[in-house]
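Worksheet: the structure to be examined is printed underneath.
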Amino acid sequence: MKSHARVVVIGGGVVGCSVLYHLTKFGWTDVVLVERSELTSGSTWHAAGGMHTINGDPNVAKLQKYTVELYKEIQDYSGQDIGLHMTSGMMLASTKDRFDWMKSILAKGRYMGLDAHLLTPKEAHDLMPLLDPDQFVGAVFDPVEGHLDPYGTTHAYAKSAKKNGADIYLHTKVEDLVQREDGSWRVITNKGEIIAEHVVNCGGLWAREVGRMVGLELPVLAMEHMYLITEDMPEVTEFNQTRGKELMHCVDFDGEIYLRQERNGMLMGTYEKACRPWSPLNTPWDFGHELLAEDIERITPELEVGFRHFPAFNKAGIKKVINGPFTFSPDGNPLVGPVRGMTNFWSACAVMAGFSQGGGVGLALANWMINGDPGFDVFAMDVSRYGDFATLGYTNAKVRENYSRRFSIRYPNEELPGGRPLLTTPIYDKLKAAGAVFGASYGLEAPLWFAPEGVEDQFSWRRSTDFDTVGAEAKAVRESVGLMETSGFAKYAVKGRGAEAWLDRLLTCRIPATGRMTLAPMLKDDGKLIGDFTLAKLGEGDFLLIGSGIAEDYHMRWFESHLPDDGSVTLEALNLSLVGLAIAGPKARDVLQKLTHQDLSTSAFAFMDVRRMDLGMAQAIVGRVSYTGDLGYEIWMKPQYQRYLYDLILEAGAEFGIRLFGLRALNALRLEKSYGSWSREYRPLYGPVEAGLERFVALRKGADFIGKEAAKAERETGGALRLRTFILEAKDADVIGDEPIYLDGEVRGWVTSGGYAHAAGLSVAVGYVPKEIADVATGWSIELLGDVLPARLHAEPLFDPSGAKMRG
Ligand SMILES: Cc1cc2nc3c(=O)[nH]c(=O)nc-3n(C[C@H](O)[C@H](O)[C@H](O)COP(=O)(O)OP(=O)(O)OC[C@H]3O[C@@H](n4cnc5c(N)ncnc54)[C@H](O)[C@@H]3O)c2cc1C
């Protein structure tokens, strides 16, 4: 065994072998994989081996596309047969709602160039005669689907990596990991020790245990999963003989089952409602190539639907039932990337669809390790999307929910109940008493809207029961004044003698003067956006940075890895030790003025001013800014003051008819102002010119901020895309995000977000299109739930285009 290696990959499942292969492919060949048993000894060996491209998240779909396209390459390069069967596939819907959902998935696929299309039940039956067409309302055909041999595939990755110079040590168990002073790792195995610059946790079923070796509790849990294999079926043989090909893959969403041909019979698997975690606290080290006891009763309800939808199964004998465990994160996406707070400790685990995603995960991680960047937008599977709130108990609740809903529709207005309520702010009960309907974001309950007595969200693709109330909330803000809670934003205190210089290097904006705020984009080296903040300078060496709540760990990882080591900057994610309220609307100043002796007139407290001030008896930080685009104030306070201030503001606002509003009204209001938001308009895919943020990129400031050279280049070339606002002729539904944008009937762009702008009375879509066509006046349309609707480019914000109201 080698005593030193640049990288030690822990785990020889499909994911570990893919990571190893990609590292060697990109030139890192001093790499080692250690496997406690044989390759495939975790969940990989008993997988059904199915793979497909389509995914609800376009960025994950891209990874899946890459994975499927990689298979021929590794088979050819390694000489190892991977048993590839590209059968094509279909997704089936038996309700109209489901079919609506499929149309939205199809529309997403369209701008990615996926070659999928709709089928009638009859067309579906022609392609797959085992199904009963009367049970379905339609289907989506996907040519890029199939299945393969898990063993052969894993070995093909491994052989390819070895061919490139990697070493693989079997029957070598990592027993401990100890970091040395120089940052390298002592990888302590039962066969000796390897000193490694980097360690990658591809432990699969044991990823949690490997994490614990370094003090990490990764949000990952294994679930039992069953599929059955039938005896030979005459219908299968007949199809094979008459058509000269295999039966295709099917996912039957309403039956919550998937099926494919297996030799001369069929394989059917379920994501059952009565799901069961496996080894919820610890994964036994002696678990290996054994299966779990079959438990057909648990999956009977799903099988009954499956057998009704595919009647040939009723006559088939069951040859085998496979029950094996595999791992999930709380949202079902992998946990990939560098772990915050650690040097060179990488995660590539919780990959629940290793044969659809393993290649993409390997690619992203190898890019990240070698180039410092995953090379594309991987936020959906970034290990940093979970903070401390994702405990073992939270993970258990969410994974069970996720597994049991794997084939369920999630409506755009549907908030899932698992693991909630977890984090709440001091005014939670008051908001609840006022009718708040909550959503959970980063573990925190946040009000979405305030429902009248007896009204609740009816889940739908179309406008729903909240429509009129959200409209009234938005209009109250525009016409008088509204109050909302803003505690869900991430808040960072940046202090110290080096704070200003550090922020100047990190952020693209000019550092504001004391008592002022500015918008502050943050770029990677390649000039793409990795953050958009509001930066407030409260005093010398005393800054408050406000950003997206869901990206707190993601941003902290970046901040911490760029902190100077001379102690001149201190950084703290304040989380719920600082909470917030915001008031907005033409009467906002009148309300606030009642609570303070300080002069709030524009000459004394202008737009983007920030100040510590007492409101009534409470200390607060008040910034004159509002994401609604109105005259407005963000008010930050210690949690112990929040109840008091909430009551005080409501009381002061009563004479102006102050109204509570939630995140849905906020979305409607910010759309009218064409304000972008993190993870939608602003992502590591786009540059600041493309995103319309170039005025906050101070190329001429003294500091050499990160991404400056790339930002200069983008300014010169103009980048490739432009963010644009469209008005859509929509009748009873609005866009959500990822719908295709057409110009003259051709897909040219994609929607990043949208909704109904209540105060303007218009349906709005915001999205990216190529810059060459970004100002074309006519010919636009946007696809919404299967209909292509005319759209009008809107050059300036619908609300207050001159900014007079917000500044006045
Ligand atoms: C019944 C069933 C059907 C499935 N069907 C499909 C399907 O059709 N399509 C699909 O894409 N996915 C399917 N899956 C999921 C798929 O199996 C997983 O996504 C995949 O196996 C994950 O691979 P992995 O490498 O992350 O983990 P694992 O396969 O669990 O590999 C982890 C490896 O790490 C090793 N290891 C752990 N700790 C240590 C240590 N300390 N030292 C040394 N080695 C260690 C283990 O021995 C193991 O070999 C299915 C799963 C099951 C259970």
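Keep in mind that what you see is a predicted model, and the values were worked out from it rather than measured. Just so it is clear, the values below take in all heavy atoms, side chains as well, and ignore hydrogens, waters and symmetry mates. Both counts, for ligands and for their atoms, begin at 1 and track the order of listing.
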Next on the checklist: Looking at K72, I'd like to know if its NZ atom is crowded, meaning that more than 12 non-hydrogen atoms belonging to other residues, nucleotides or ligands lie closer than 6.0 Å.
Outcome noted: no

Checklist entry - Is the closest heavy-atom distance from C202 to ligand 1 below 4.0 Å? => result yes

Checklist entry - Which of the numbered atoms in ligand 1 are below 4.0 angstrom from a heavy atom of S356? => result 11 (O)

Next on the checklist: Can you confirm, on distance only, whether ligand 1 has an N/O atom lying under 3.5 Å from any N/O atom belonging to F326?
Outcome noted: no

Checklist entry - Mind checking whether G49 has an N or O less than 3.5 Å away from an N or O of ligand 1? => result yes

Item to check | Nitrogen or oxygen of V174 less than 3.5 angstrom from that of ligand 1 | outcome: yes

Item to check | Atom indices of ligand 1, in the order listed, that fall short of 4.0 Å to a heavy atom of V351 | outcome: 18 (C), 19 (O), 22 (C)

Item to check | Modelled atom types, side-chain donor and acceptor of H147 and T87, under 3.5 Å | outcome: no

Checklist entry - Going by the atom numbers of ligand 1, which of them fall below 4.0 Å from some non-hydrogen atom of T172? => result 43 (C)

Checklist entry - Between N396 and R400, does any side-chain donor sit less than 3.5 Å from a side-chain acceptor? => result yes

Next on the checklist: Using a plain distance cutoff, I'd like to know if G354 has any nitrogen or oxygen under 3.5 Å from a nitrogen or oxygen of ligand 1.
Outcome noted: yes

Next on the checklist: Checking the N or O distance criterion of under 3.5 Å, is ligand 1 in contact with M213?
Outcome noted: no

Checklist outcome for this item: ligand 1 atoms nearer than 4.0 angstrom to some heavy atom of V34 are 43 (C), 44 (N)

Checklist entry - Is there a nitrogen or oxygen of R36 sitting under 3.5 Å from a nitrogen or oxygen of ligand 1? => result yes

Item to check | Contact partition for W45 relative to ligand 1, non-hydrogen atoms under 4.0 Å | outcome: neither

Item to check | Per-atom contacts, ligand 1 versus L205 - under 4.0 Å to a heavy atom | outcome: 30 (O)

Checklist entry - At a non-hydrogen distance cut-off of under 4.0 Å, which region of W206 contacts ligand 1 (side chain, backbone, both, or neither)? => result side chain

Checklist entry - N/O of G50 under 3.5 Å from N/O of ligand 1, yes or no? => result yes

Checklist entry - Relative to the heavy atoms of S43, which atoms of ligand 1 are at a distance of less than 4.0 Å? => result 17 (O), 18 (C), 20 (C), 21 (O), 22 (C), 27 (O), 28 (P), 29 (O), 30 (O)

Next on the checklist: Against the six-membered ring of W185, is R180 placed for a cation-pi contact (under 6.0 Å from the centre, within 45° of the normal)?
Outcome noted: no

Next on the checklist: Does the plane of the ring in H22 sit parallel, tilted or perpendicular to the ring in Y66? Use 30° and 60° as the thresholds.
Outcome noted: tilted

Next on the checklist: Ring-plane angle category for F253 and W101, please: parallel below 30°, perpendicular beyond 60°, tilted otherwise.
Outcome noted: perpendicular

Atom pairs and distances, side-chain donor-acceptor, residues 321-335, under 3.5 Å, sequence neighbours left out:
from : atom 1 : to   : atom 2 : distance (Å)
N323 : OD1    : H225 : N      : 3.3
N323 : ND2    : E224 : OE1    : 2.9
N323 : ND2    : A293 : O      : 2.8
S329 : OG     : D331 : OD1    : 3.0
S329 : OG     : G332 : N      : 3.2
S329 : OG     : N333 : N      : 3.3
S329 : OG     : N333 : O      : 2.5
S329 : OG     : R385 : NH2    : 3.3
D331 : OD1    : N333 : N      : 2.9
D331 : OD1    : R385 : NH2    : 2.8
D331 : OD1    : Y386 : OH     : 3.3
D331 : OD2    : R385 : NE     : 2.8
D331 : OD2    : Y386 : OH     : 3.2
N333 : ND2    : A380 : O      : 3.2

Checklist entry - Think K163 forms a cation-pi with Y77, using NZ or CZ under 6.0 Å from the six-ring centre and within 45 degrees of its axis? => result yes

Checklist entry - Do D254 and Q135 have a side chain donor and acceptor closer than 3.5 Å? => result no

Checklist entry - With respect to atom 36 (N) of ligand 1, which of G11, G358, G204, C349 exhibits the smallest heavy-atom separation? => result G11

Next on the checklist: Out of all atoms in ligand 1, which are within 4.0 Å of some heavy atom of G12? Include the element for each.
Outcome noted: 33 (C), 34 (O)

Checklist entry - If you measure every N/O of M226 against every N/O of ligand 1, is any gap under 3.5 Å? => result no

Next on the checklist: Side chain or backbone, does S41 bring an N or O within less than 3.5 Å of an N or O on ligand 1?
Outcome noted: yes

Checklist entry - Can a salt bridge be assigned to the pair K108 and D57 using a cut-off of 4.0 Å between side-chain N and carboxylate O? => result no

Checklist entry - Which pairs count as salt bridge (Lys or Arg N to Asp or Glu O under 4.0 Å) when at least one residue sits in residues 44-53, sequence neighbours excluded? => result none

Checklist entry - Mind checking whether W285 has an N or O less than 3.5 Å away from an N or O of ligand 1? => result no

Checklist outcome for this item: The atoms of ligand 1 lying under 4.0 Å from a heavy atom of G324, numbered in the order shown, are 53 (C)

Next on the checklist: Can you check which of H249, M352, R260, H46 brings a heavy atom nearest to atom 53 (C) of ligand 1?
Outcome noted: H46

Checklist entry - Out of V14, V15, N323, who gets a non-hydrogen atom closest to atom 26 (O) of ligand 1? => result V15

